[in-house]
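Below you'll find the structure, written out as structure tokens, and then a few comments.
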Amino acid sequence: QAQLVESGGGLVQPGGSLRLSCAASGFTFDYYCIGWFRQVPGKEREGVSYITRRGSTNYADSVKGRFTISRDNARDTVYLQMNSLKPEDTAVYYCAAAAGIICGRDSDMDYWGKGTLVTVSS
């Protein structure tokens, strides 16, 4: 059974950093594109970043230059390093996996984690 488990969320002050992890199991991780999404209550979920099975990366304009996505295929894990955090980054962050080449949209994804809360506040 495919499973994705996010960790690393928490409370951080503006300007601070967090690293989120997404541990995968139950499917052939190497073959999947992995994406990070986030959602604020009352708003639609939005794509933050994704990394293809070949290691190509993509970022939303709002996080470019501040967030870095990476993957460790030996550990079946994807990371999202978040620096220079802003209050508007506050959201529940989800990781998701897609068997296809493209994985920047909700509709592309096959499996989802349950999310981890990131709160940026002083």
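The structure presented is a predicted model; accordingly, all values stated were derived computationally and were not measured.
Under the 3.5 Å distance criterion, the side-chain polar atoms of Ser49 are left unmatched by any main-chain donor or acceptor of Tyr59. When atom types are taken as modelled, the side chain of Tyr111 and the backbone of Phe27 share no donor-acceptor pair closer than 3.5 angstrom. Without hydrogens or angle criteria, Ser107 side chain to Arg105 main chain gives no donor-acceptor distance under 3.5 Å.
Taken to the nearest 0.5 Å, the OG1 atom of Thr90 stands 8.5 Å off from the CG atom of Leu11. One distance of note links CZ of Arg66 with CD of Gln81; it measures 12.0 Å at 0.5 Å rounding. Between Lys86 atom NZ and Ser62 atom OG the span is 8.0 Å, to the nearest 0.5 Å.
The 12-atom threshold is exceeded at CD of Glu88, counting heavy atoms of other residues, nucleotides or ligands nearer than 6.0 Å.
The two residues Pro14 and Ser122 make their nearest non-hydrogen contact at CD-N, 3.7 Å. Nearest heavy atoms, Cys22 versus Trp36: CB-CZ2, 3.6 Å. The two residues Asp110 and Ala99 come nearest to each other via the heavy atoms OD2-N, 2.7 Å. Taking all atoms of both residues into account, the shortest heavy-atom contact from Cys103 to Ile34 is SG-N, 3.8 Å.
Residue pairs meeting the salt bridge (Lys or Arg N to Asp or Glu O under 4.0 Å) criterion with at least one partner in residues 31-43, sequence neighbours excluded, are Arg38-Glu46, Arg38-Asp89. Pairs passing the side chain to side chain donor-acceptor pair (under 3.5 Å) check and including a residue from residues 1-30, sequence neighbours excluded, read Ser17-Asn83.
Judged by the 6.0 Å and 45° rule, Arg71 forms a cation-pi pair with Phe29.
Tracing side-chain contacts under 4.5 Å through hydrophobic residues (I, L, V, M, F, W, Y), one reaches Val12 starting from Met82; they form part of the same cluster. Under the 4.5 Å side-chain contact rule for hydrophobic residues, Tyr31 and Ile69 share a cluster. Residues Leu20 and Tyr50 fall into different hydrophobic clusters, defined by Ile, Leu, Val, Met, Phe, Trp and Tyr side chains chained together at heavy-atom separations under 4.5 Å. Ile51 and Met109 are not part of a single hydrophobic cluster, where members link through side-chain heavy atoms under 4.5 Å apart. A continuous path of hydrophobic side-chain contacts links Val78 to Tyr32 [ILVMFWY only; heavy atoms under 4.5 Å].
A heavy-atom distance below 4.5 Å is found between the side chains of Asp72 and Tyr79. Inter-residue side-chain proximity for Leu85 and Phe67 is flagged as met; some heavy-atom pair is nearer than 4.5 Å.
For Phe37 and Tyr93, the ring centers sit 6.0 Å or farther from each other.
Legend: residues meeting side chain to side chain contact (heavy atoms under 4.5 Å, CB included) with Val92, ordered by chain and number and at least two apart, are Tyr94, Leu117.
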